[in-house]
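Structure first, commentary second.
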Amino acid sequence: MSDHYEVLGVDRGASEDQIKKAYRKLARELHPDINPAPEAQERFKLVTHAYEVLSDSDSRRNYDNGGNDPFGGNGGFGFGDIFDTFFGGGQQRGPRSRAERGQDALIRVDLTLEEVVFGVDKSIEIDTAILCSTCSGSCCRPGTSPTVCDICRGAGQIQRQVRSLLGNVVTSQPCGACRGFGQIIPEPCLDCRGQGRVRARRTIDLKIPAGVEDGLRLQLSGQGEVGFAGGPSGDLYVDMSVKPHDTFGRLADDLTCTVDVPLHDAVLGALTSIATFDGEVEIEIEPGQQTGDVLTVRGKGVTHLRGSGRGDLKVSIQVTTPVKLDSKQKELFRSLAKLRKADSIKLVKHTSGFFSSKRKG
């Protein structure tokens with residue numbers, strides 16, 4: 001088996017560029033279209049195979065460590081060649097596009113409950129890949145352009161004839177010089193290093209609709225990372241994270257809250273107002289109001305994400321018992337107790353509070 005480094009005429013510590021230059025030099029001399037001699041064709045196969053192994057970092061590492069030749073050894077007829085032979089391997093496939101679709105991106109947006117109720121416009125900054133403004137995605141230094149690969153002549157494929165048990169067959173493999181693109185960039189753009197894109201911070205304007213829920217994911221098509229060589233952008237996914245509120249909770253599209261009602265107001269009734277996201281809202285405490293009773297304020301809840309209108313505001317009543325009483329107040333309660341002798345302390349059927357487990361924002 002020939003040593004791949006000797007075939008290319010480079011040292012074992014040769015860089016990727018040195019290996020590429022050596023291959024291109026030999027390929028110009030030995031290509032069948034330039035040198036039809038049989039011995040040149042055989043040597044061209046060895047040179048091409050050696051480059052295929054050493055130009056790939058993984059296969060080169062495996063080769064240096066004494067592993068199996070991933071391409072079949074000595075330019076031989078490997079499994080991939082056999083597969084191509086039976087399924088159209090000898091046909092010209094043409095060069096592949098340098099441009100690739102960009103990756104999708106995922107970000108999280110923190111929202112307050114009030115922003116969820118009405119919706120909000122937000123501007124956020126993300127670190128992402130954007131189109132290189134210097135080369136506009138061409139990957140070339142300004143004033144230059146890609147050149148046709150002089151090894152595959154723009155085809156992106158190298159055809160070679162191989163002897164096998166089936167006779168002489170022609171197989172095609174991606175050109176090692178241009179990596180199947182059919183073109184070579186002689187002078188890559190310095191700003192993006194021939195990538196056609198650069199990393200930068202970008203501002204995105206988001207219109208968050210009212211009614212979104214915690215954990216909801218929005219998809220923004222074409223707002224992800226720009227692809228290699230100016231390829232189409234991926235998508236941007238936005239995860240909603242709603243912060244808990246100190247006063248209000250959410251139950252579906254209803255808002256929930258609890259108000260403390262003094263004992264005398266619960267007994268006699270009262271008209272009061274509470275601060276909401278819509279400003280001050282008036283509520284009526286009816287005489288005899290009990291802890292756990294729920295008052296409903298229509299249309300003061302969360303805006304429906306789908307459809308029109310809003311949910312309701314559910315106000316849970318919590319009657320507070322006075323703790324510190326002066327002598328006059330105590331005497332009044334004693335008098336009330338004498339008047340309501342029929343009342344007594346007794347067990348009642350257990351019921352859970354309406355919002356006992358519903359206080360999350």
Side-chain angles (χ1 to χ4, degrees), residues 106-124 203-221 223 236-322 348-361:
L106 174 66
I107 61 172
R108 190 187 78 173
V109 173
D110 293 324
L111 302 172
T112 65
L113 186 56
E114 184 175 6
E115 291 172 334
V116 168
V117 172
F118 300 108
V120 65
D121 293 333
K122 282 184 174 288
S123 292
I124 59 173
T203 300
I204 296 179
D205 294 326
L206 295 177
K207 187 175 184 62
I208 308 296
V212 297
E213 298 182 2
D214 185 68
L216 180 69
R217 176 172 291 182
L218 298 180
Q219 179 182 3
L220 303 178
S221 299
Q223 292 294 324
L236 175 65
Y237 293 90
V238 184
D239 280 353
M240 304 293 143
S241 177
V242 183
K243 301 175 183 176
H245 195 273
D246 292 337
T247 303
F248 295 97
R250 180 178 179 180
L251 183 62
D253 283 344
D254 292 336
L255 290 177
T256 63
C257 67
T258 301
V259 294
D260 286 332
V261 178
L263 181 60
H264 59 275
D265 285 336
V267 173
L268 302 175
L271 193 63
T272 186
S273 61
I274 58 174
T276 71
F277 295 133
D278 292 277
E280 294 290 326
V281 172
E282 194 174 79
I283 60 173
E284 182 179 2
I285 309 298
E286 296 181 356
Q289 204 83 68
Q290 302 292 314
T291 292
D293 287 351
V294 177
L295 307 180
T296 299
V297 183
R298 300 293 181 188
K300 299 300 181 182
V302 180
T303 303
H304 299 312
L305 179 61
R306 298 173 180 83
S308 59
R310 295 171 59 182
D312 300 327
L313 172 62
K314 302 287 187 178
V315 183
S316 177
I317 302 299
Q318 181 173 291
V319 179
T320 57
T321 303
V348 296
K349 184 178 180 180
H350 173 73
T351 56
S352 299
F354 188 79
F355 301 123
S356 59
S357 61
K358 309 294 185 182
R359 293 297 303 279
K360 295 183 179 180

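Being a predicted model, the structure only gives us computed values, none of them experimental.
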Treating [X] as the side-chain partner and [Y] as the backbone partner, does any N or O pair qualify as donor plus acceptor under 3.5 Å?
X: Gln219; Y: Arg217; value: no
X: Asp265; Y: Pro262; value: no
X: Ser316; Y: Cys257; value: no
X: Arg310; Y: Gly301; value: yes
X: Thr256; Y: Lys314; value: no

Nearest 0.5 angstrom please: [X] [atom1] to [Y] [atom2], how far?
X: Leu295; Y: Ile285; atom1: CG; atom2: CD1; answer: 5.0 Å
X: Lys243; Y: Glu114; atom1: NZ; atom2: CD; answer: 12.5 Å
X: Thr258; Y: Gln318; atom1: OG1; atom2: CD; answer: 6.5 Å
X: Leu113; Y: Asp214; atom1: CG; atom2: CG; answer: 10.5 Å
X: Lys300; Y: Leu255; atom1: NZ; atom2: CG; answer: 11.5 Å
X: Ile283; Y: Thr296; atom1: CD1; atom2: OG1; answer: 11.0 Å

- Show your working on side chain to side chain contact (heavy atoms under 4.5 Å, CB included) between Glu213 and Val242 and close with a plain yes or no. CA-CA 7 Å; Glu213 298 182 2; Val242 183; over 6 Å; no

Can you name the nearest heavy-atom pair linking [X] to [Y], along with the distance?
X: Pro209; Y: Leu218; value: CD-CD1, 4.2 Å
X: Ser273; Y: Glu280; value: OG-OE1, 3.3 Å
X: Gln290; Y: Val319; value: C-CG2, 3.9 Å
X: Gly211; Y: Val302; value: CA-CG1, 3.8 Å

- Query: Using the ring of each side chain (for Trp, its six-membered ring), is Phe248 parallel, tilted or perpendicular to Phe277, with breaks at 30° and 60°?
  - Reply: tilted

- Task: Could you tell me whether Asp205 and Lys207 make a salt bridge, using a distance below 4.0 angstrom between a side-chain N and a carboxylate O?
- Result: no

- Task: List the steps and the verdict of side chain to side chain contact (heavy atoms under 4.5 Å, CB included) for Val109 and Lys122.
- Result: CA-CA 9 Å; Val109 173; Lys122 282 184 174 288; 3.7 Å; yes

- Message: Quick one, Thr272 with Val259, criterion side chain to side chain contact (heavy atoms under 4.5 Å, CB included). Give me CA distance, side-chain angles, the key distance, then yes/no.
- Response: CA-CA 11 Å; Thr272 186; Val259 294; over 6 Å; no

- Ile107 and its side-chain contact (heavy atoms from CB on, under 4.5 Å) partner, picked from Leu236, Leu220, Asp239: Leu236

- State, yes or no, whether a side-chain contact exists between Met240 and Ile208 at a heavy-atom distance under 4.5 Å. yes

- Side chains of Leu271 and Glu282 in contact at under 4.5 Å (non-hydrogen atoms): yes

- Task: Under the side chain to side chain contact (heavy atoms under 4.5 Å, CB included) rule, what do Ile274 and Thr276 come out as? Steps first, then yes or no, please.
- Result: CA-CA 6 Å; Ile274 58 174; Thr276 71; 4.1 Å; yes

